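Take a look at the structure set out below.
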There are 2 protein chains.
Amino acid sequence: MPAGKVDRSAEPPGGVFATVPQSPPGCPAAPVVFPAHPASSPPPSRTVAKRAPARARDVRRCISVSAWVGKVSKTCSGVSLPAVGMSRVIRYRVVTRLSRWKRVPWNNVSNMATLKDVAQRTGLGLGTVSRALSGHPNVRPETRRKVQEAARELGYSSNGLARALRRNRSYSVGLILPDLENEFYTTAASVVQRLLRDEGYRLLVSCNNNSSEVDAELLRSLMESRVDGIVHAPCTPEGADLVRAADPRVPVVEYARRSSARGVDSVIGDDERGAAEVVRHLVDLGHRRIAMVAGPPELSTTADRVRGFHDACARFGLPKRGCPVLHGPSYDARWGEAATRQILDRHPGVTAIFISGSRGALGALKAVRDRHVSVPRDLSLVGFLGPELLDVANPPLTRYVLPLEEMSTMTARLLLDRIQHPREQAAAEPNVMRFEGKLMVRESTAPPREHELPRSGGS
Amino acid sequence: MPAGKVDRSAEPPGGVFATVPQSPPGCPAAPVVFPAHPASSPPPSRTVAKRAPARARDVRRCISVSAWVGKVSKTCSGVSLPAVGMSRVIRYRVVTRLSRWKRVPWNNVSNMATLKDVAQRTGLGLGTVSRALSGHPNVRPETRRKVQEAARELGYSSNGLARALRRNRSYSVGLILPDLENEFYTTAASVVQRLLRDEGYRLLVSCNNNSSEVDAELLRSLMESRVDGIVHAPCTPEGADLVRAADPRVPVVEYARRSSARGVDSVIGDDERGAAEVVRHLVDLGHRRIAMVAGPPELSTTADRVRGFHDACARFGLPKRGCPVLHGPSYDARWGEAATRQILDRHPGVTAIFISGSRGALGALKAVRDRHVSVPRDLSLVGFLGPELLDVANPPLTRYVLPLEEMSTMTARLLLDRIQHPREQAAAEPNVMRFEGKLMVRESTAPPREHELPRSGGS
DNA sequence: CTGAAAGCGCTAACAA
DNA sequence: TTGTTAGCGCTTTCAG
């Protein structure tokens with residue numbers, strides 16, 4: 001991509017932003033869309049007007065922004081705010097790589113206090129000050145107090161970069177997940193962050209979107225940051241091999257998925273058994289024609305779930321062609337919806353659908369609703385790894401769940417162990433920890449229908 | 001907390017983990033609980049057995065783990081795995097602070113290739129190699145190629161710490177959110193991560209749980225990391241004042257909430273108007289007694305929403321005591337549930353509840369279901385900022401939503417601007433960007449009931 | 001217990 | 001265009 005060019009390709013037709021002067025009283029409301037209350041009803045502008053002086057201390061300029069176009073909010077990439085309420089324009093620049101050269105002026109000396117400043121202030125030597133502040137035992141308590149006070153007065157804050165460089169230990173850990181909005185992974189982010197923070201580590205979080213290129217680049221970036229360890233949800237069979245090649249001493253723990261990277265621990269769910277449990281549950285109810293909505297075939301989770309599904313179908317003697325498996329490009333809601341439609345269209349004999357992804361069930365619910373298919377009367381639906389939220393869905397969804405908290409805890413614990421005991425750990429062979437899940441039976445499964453499905457009436 | 005002590009206080013009664021030997025065939029399934037299928041049905045152990053040899057390359061030891069106790073999975077803090085399948089014990093250590101002194105042996109020289117290695121290999125000087133690799137224009141193309149090749153051969157990876165130290169620019173940005181599992185914030189994390197990554201920045205993510213102590217410590221930690229900028233969801237009126245004091249040049253953008261910290265930009269939703277819109281919608285339907293479930297009063301969002309609610313109630317002449325506002329300790333589902341129960345018990349005249357948090361609506365749905373209160377026949381329910389998921393809830397929830405993607409995009413854009421144009425930015429006064437939301441009317445609101453509420457039958 | 005000094009790996013000024 | 005060199009801020013060794 002050429003640098004310096006302004007990319008406006010993503011700009012939606014017609015400016016998305018409307019800007020409204022913020023000055024205290026009487027600004028007519030910006031064009032918001034209220035489906036239930038068309039423009040006719042009077043905007044509550046008095047309320048808005050009254051608010052402004054409420055926070056006396058807040059002298060910042062206020063800008064109201066409307067980002068709604070029609071019914072849906074559109075992403076504002078490449079959009080510039082008109083100059084009305086803003087003196088300058090939000091610039092949009094094309095990717096400037098870290099490696100791209102850029103003149104950095106030599107005025108870049110930080111104005112933050114350094115150890116030297118503290119040393120001068122106290123009249124002590126650098127070494128002593130360093131020892132005093134980093135808790136080294138051989139320092140006179142009085143000296144330490146003096147140093148600490150001086151540090152506080154100067155607003156001294158240790159430069160972590162320098163420390164990390166010198167000690168060859170960054171106290172930071174990388175986390176690469178496929179998706180940062182999916183509760184299956186945010187639980188991991190949350191738990192891992194908390195546990196690592198408790199041990200004094202910082203977390204570098206990033207998202208590979210299941211793209212192998214992005215994944216490799218993120219791993220490289222983490223290695224550049226000299227992280228002490230990595231939690232990785234691999235999206236390729238190679239996984240973090242790249243890391244082992246660069247520095248075999250950096251421990252890696254795989255989360256949720258496996259790769260064939262050597263020397264890495266894995267914490268995964270028992271996807272295969274889960275799929276089998278789902279089939280068993282449906283067979284127990286009397287179903288014989290079960291469709292499975294699966295994700296990208298290159299993921300280890302997909303492979304495991306599909307294997308579990310096939311094995312179980314075979315074991316229970318289900319008709320092979322009555323039980324189609326649909327592979328999709330992802331595990332998101334859109335695919336869940338598309339796949340469900342597809343099944344309703346092409347496999348009318350199917351009486352139950354097993355959606356093997358975390359968000360897919362949402363899409364499936366939407367699809368069946370659009371088609372006026374009643375769950376579980378017309379069709380049974382089973383989810384996988386779905387969030388608790390699905391308990392309040394309509395109907396509450398039967399699904400296979402994994403103990404995400406425990407899996408995340410184990411992941412963090414394993415990584416910390418490897419980081420903090422490199423000696424013992426180097427020798428210890430890596431583990432695969434496979435966590436059992438649980439089938440939670442709710443109201444979306446029932447014995448198969450004995451009537452015809454309503455012929456596709458939806459759009 | 002005393003260091004070195006093993007904390008087992010969180011250990012659940014009776015070992016949580018059951019370990020199962022992983023060797024190929026015939027391991028009886030570990031004690032999983034399947035509510036629908038009591039222990040009677042045969043465990044699908046054959047499937048499990050068949051799996052092991054499937055991945056020939058995977059020679060890692062496999063350990064199956066069951067973390068289920070009764071119906072709910074319990075967190076496994078402090079639990080040690082029995083020695084059965086694992087040679088060593090997952091250790092649990094009490095917080096060891098970064099500042100706590102710890103002997104670091106002087107064998108800590110990295111074995112990764114450095115610029116010097118590349119220089120020696122190519123016979124060039126350090127400067128040239130550095131320039132060649134970091135894209136400096138004044139390098140002969142041939143030299144550059146040679147250097148790049150040598151770097152590749154040596155598996156050279158630039159040491160970001162040293163680079164950051166030298167350039168006084170870490171190319172990393174901090175993100176502090178109150179909650180990493182709430183879609184309101186994970187959207188921000190996801191979008192901000194992506195946009196920053198595109199510009200070559202790494203993201204340090206952490207979570208303050210709305211605790212001011214944690215918040216301050218996280219800010220300090222980020223300053224130690226010498227981040228180039230910070231996205232902050234403040235949980236105190238001071239906000240990031242600490243940062244401005246330490247180094248006023250580090251830009252801060254507040255997300256979702258405001259504080260009175262000086263010199264920071266804020267990107268927030270129009271909470272006040274949102275609350276007013278909700279009231280207006282309910283009043284239009286005929287409601288006169290509306291309860292509001294609010295969060296911690298110290299948050300700016302709570303204050304704004306409550307102000308909007310009160311103003312609107314006054315404007316529409318609703319009875320002051322008929323419209324209670326319940327302040328809670330958080331915005332989570334548990335509080336939403338408790339508050340809803342409380343309203344049903346103590347304010348039987350209320351015909352509509354406005355739950356002003358993101359997850360609270362889930363709890364409310366649970367509470368009304370337990371009490372056999374029908375929505376919207378007996379009671380109208382309105383959510384705030386709720387996730388799309390609520391569209392498949394039972395019933396789909398009327399709620400006020402904000403354009404999270406756009407808000408996050410704006411947040412990242414603002415921060416990048418401040419980082420990349422410190423000159424112009426230092427002068428530019430900070431902005432408060434207030435984003436308009438939208439009331440999405442679904443099926444959880446209807447005219448008020450004219451009958452009595454079923455007297456509390458639930459537990 | 002404290003001070004002096006070396007050097008982690010890199011960049012940028014300066015000299016060639 | 002390239003080589004040399006100083007030092008970013010810190011930790012740690014070694015001598016006092």
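Chain naming here is simple, since letters A, B, ... match the order of the sequence lines and numbering starts at 1 in each. Predicted model only: the values in this text are computed from it and were never measured. Atom set for the values below is all heavy atoms of this structure, side chains included, hydrogens, waters and symmetry mates excluded.
- Side-chain nitrogen and oxygen atoms of T128(A) include at least one within less than 4.0 Å of the OP1 or OP2 phosphate oxygen of dG3(C).
- Contact check of residues 151-162 of chain B against DNA chain C (heavy atom, cut-off under 4.0 Å) returns Y156(B), S158(B), N159(B), A162(B).
- Residue contacts for T114(A): at a heavy-atom cut-off of 4.0 Å it reaches the sugar-phosphate backbone alone, with no base atom in range.
- The interatomic distance linking K116(A) (NZ) with dA5(C) (C1') rounds to 13 Å, in whole Å.
- Checking dT12(D), dC10(D), dC8(C) against the side-chain heavy atoms of L165(A) singles out dC8(C) as nearest.
- Between the P atom of dG9(C) and the CZ atom of R131(B) lies a distance of 20 Å, rounded to the nearest Å.
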What pairs of donor and acceptor atoms, side-chain ones from residues 137-148 of chain B against any protein atom, are under 3.5 angstrom apart with sequence neighbours left out?
{"from": "R144(B)", "atom 1": "NE", "to": "A132(B)", "atom 2": "O", "distance (Å)": "3.1"}
{"from": "R144(B)", "atom 1": "NH2", "to": "H136(B)", "atom 2": "O", "distance (Å)": "2.3"}

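- For N138(B) and dG3(D), the CG to P distance is 14 Å, given to the nearest whole Å.
- Under the rule for a side-chain hydrogen bond (donor to acceptor under 3.5 Å, both in side chains), the partners of D215(B) that lie at least two apart in sequence or sit in another chain are N208(B), H232(B).
- At least one side-chain nitrogen or oxygen of T143(A) sits closer than 4.0 Å to the OP1 or OP2 atom of dT2(C).
- The CG-P distance, from N168(B) to dC8(D), rounds to 11 Å in whole Å.
- Across every non-hydrogen atom of S157(A) and R226(B), the tightest pair is O-NH2, 2.8 Å.
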